[in-house]
Amino acid sequence: MDNKLLDGLNKQINKELYSAYLYFAMSTYFLETNMEGFAKVIKEQAKEEIEHAKKIYNYLIAKDEKIILYQIDAPDSNWINPIDAIKSALTHEKYVTKCIEELFKLSRDINDYSTEIFLQWFITEQVEEEDKFKTLLEKMENVQNCDCEVIHIDRNLKLDSEYVE
Ligand code: FEO
């Protein structure tokens, strides 16, 4: 595999694991503010990020490529309120989308067909990831002057069977 692409994929493993760290921190923040519904959804997101990292790891192993596990930074977790936390999650996902698109473009430019096809899954996944946080943010922004409504959203998230602990 092209060295630049391999380096990018190894760094993407790190970015996915950082994402898991970020969402574990965010889930903790929501638990500390007694918002168990948000905490549950965000913890589920953290688990998904570990799966994303594993997907890339397994791909590189299958291709007999060298795995490099870089140090994972501590996440920035100084959110001032629940909306601020969800906004930062959306900003983070937009950043991850950009990273994936750059890897996709590189694999296309150098005719690495298998990696291009492999990354298609991530391109589709990022649409879902951004949409998930955009939808949450829109709900919260609609009621941002009323804490009781945010608590109502939290209760609904807690009951939502889509998210299983
Ligand atoms: Fe794996 Fe949320 O990007």
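The shown structure was predicted, so the numbers you read here are calculated from the model rather than taken from an experiment. We count residues from 1, following the sequence as given.
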Enquirer: With a 6.0 Å cut-off (strictly less than), is the heavy-atom count around OH of Tyr95, excluding the residue itself, greater than 12?
Expert: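 At most 12 heavy atoms, drawn from other residues, nucleotides or ligands, come within 6.0 Å of this atom.
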Enquirer: Answer whether the closest heavy-atom distance between the side chains of Ile56 and Phe118 falls below 4.5 Å.
Expert: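 Answer yes - side chains close enough.
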Enquirer: Is Tyr59 atom OH crowded by more than 12 heavy atoms from other residues, nucleotides or ligands, each under 6.0 Å away?
Expert: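 Atom OH in Tyr59 is packed in, count exceeds 12.
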Enquirer: Mind checking whether Phe133 and Tyr23 have ring centres under 6.0 Å apart?
Expert: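 Yes, close enough.
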Enquirer: Kindly give the heavy-atom pair with the smallest separation between Glu49 and Ala20, and that separation in Å.
Expert: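 In this case the closest contact between Glu49 and Ala20 is CB-N, 3.6 Å.
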Enquirer: Which heavy atom of Leu5 sits nearest a heavy atom of Leu103, and at what distance?
Expert: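 Leu5 and Leu103 have their closest heavy atoms at CD1-O, 3.8 Å.
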Enquirer: Between His92 and Tyr18 (judged by ring centroids, cut-off 6.0 Å), do the two rings come close enough to count as a pair?
Expert: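 Yes, they do, as the ring centres are separated by less than 6.0 Å.
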Enquirer: With heavy-atom distances below 4.5 Å as the criterion, would you say the side chains of Ile42 and Ile86 are in contact?
Expert: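 Ile42 vs Ile86: side chains touch.
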Enquirer: Mark yes or no for whether Gln126, through its side chain, and Val96, through its backbone, hold a donor-acceptor pair below 3.5 Å.
Expert: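 No: the side chain of Gln126 does not pair with the backbone of Val96.
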Enquirer: Distance check, rounded to the nearest 0.5 Å: Ile100 atom CD1 versus Thr124 atom OG1?
Expert: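 Atom-to-atom, Ile100:CD1 and Thr124:OG1 are 11.0 Å apart.
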Enquirer: When you check the gap from the basic side-chain N to the acidic O, do Lys105 and Glu102 get nearer than 4.0 Å?
Expert: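 Answer for the salt bridge query: no.
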Enquirer: State, to 0.1 Å, how close Gln71 and Asn14 come at their nearest heavy-atom pair, and which atoms those are.
Expert: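 Smallest interatomic distance, heavy atoms only, reads O-ND2, 2.9 Å.
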Enquirer: Working to the nearest 0.5 angstrom, can you tell me the gap between Tyr57 OH and Leu17 CG?
Expert: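 Reported value, rounded in 0.5 Å steps: 11.5 Å.
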Enquirer: Under 30°, 30 to 60°, or over 60°: which ring-plane class applies to Phe122 and His52, parallel, tilted or perpendicular?
Expert: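 Plane angle over 60°, so perpendicular.
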Enquirer: Provide the closest heavy-atom pair for Trp79 versus Asp84 in the form atom of the first, atom of the second, distance.
Expert: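 Answer, listing the atom of Trp79 first, then Asp84: CA-OD2, 3.2 Å.
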Enquirer: Say you draw a straight line from CG of Asp7 to CD of Gln12; how long is it, rounded to the nearest 0.5 Å?
Expert: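 Going from CG on Asp7 over to CD on Gln12, the span is 11.5 Å.
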Enquirer: For Val127, is there any backbone N or O sitting under 3.5 Å from a side-chain donor or acceptor partner on Asp131?
Expert: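 The answer is no, because no donor-acceptor pair under 3.5 Å joins these two groups.
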Enquirer: Glu116: which residues meet the side-chain hydrogen bond (donor to acceptor under 3.5 Å, both in side chains) condition with it, sequence neighbours left out?
Expert: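 Checked Glu116 against side-chain hydrogen bond (donor to acceptor under 3.5 Å, both in side chains); matches are Arg108.
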Enquirer: Where do Leu9 and Leu119 come nearest, in terms of heavy atoms and distance?
Expert: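 Scanning both residues completely, I find the closest heavy atoms to be CD2-CD2, 4.2 Å.
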Enquirer: Looking at CG of Leu69 and CG of Asn10, how far apart are the two atoms once the value is rounded to the nearest 0.5 Å?
Expert: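 Here the rounded value is 7.5 Å.
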Enquirer: Can Ser27 and Lys40 be counted as having a side-chain donor-acceptor contact under 3.5 angstrom?
Expert: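 No - no donor-acceptor pair under 3.5 Å links their side chains.
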Enquirer: If you take all heavy atoms of Met1 and Thr115, which pair is closest and at what distance?
Expert: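 Shortest heavy-atom separation between Met1 and Thr115 comes out as CE-OG1, 3.7 Å.
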Enquirer: Test salt bridge (charged side-chain N to carboxylate O under 4.0 Å, His left out) on Glu101 and Lys98 and set out the steps.
Expert: CA-CA 5 Å; Glu101 285 174 351; Lys98 208 169 128 277; over 6 Å; no
Enquirer: With Glu129, which residues qualify under salt bridge (Lys or Arg N to Asp or Glu O under 4.0 Å), at least two apart?
Expert: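 Checked Glu129 against salt bridge (Lys or Arg N to Asp or Glu O under 4.0 Å); matches are Lys132.
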Enquirer: Give the intermediate values and the outcome of side-chain contact (heavy atoms from CB on, under 4.5 Å) for residues Lys15 and Cys99.
Expert: CA-CA 9 Å; Lys15 287 170 191 171; Cys99 295; 3.6 Å; yes
Enquirer: Is it the case that more than 12 heavy atoms not belonging to Phe104 sit under 6.0 Å from its CZ atom?
Expert: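 Counting neighbours around CZ of Phe104, more than 12 heavy atoms of other residues, nucleotides or ligands fall under 6.0 Å, so yes.
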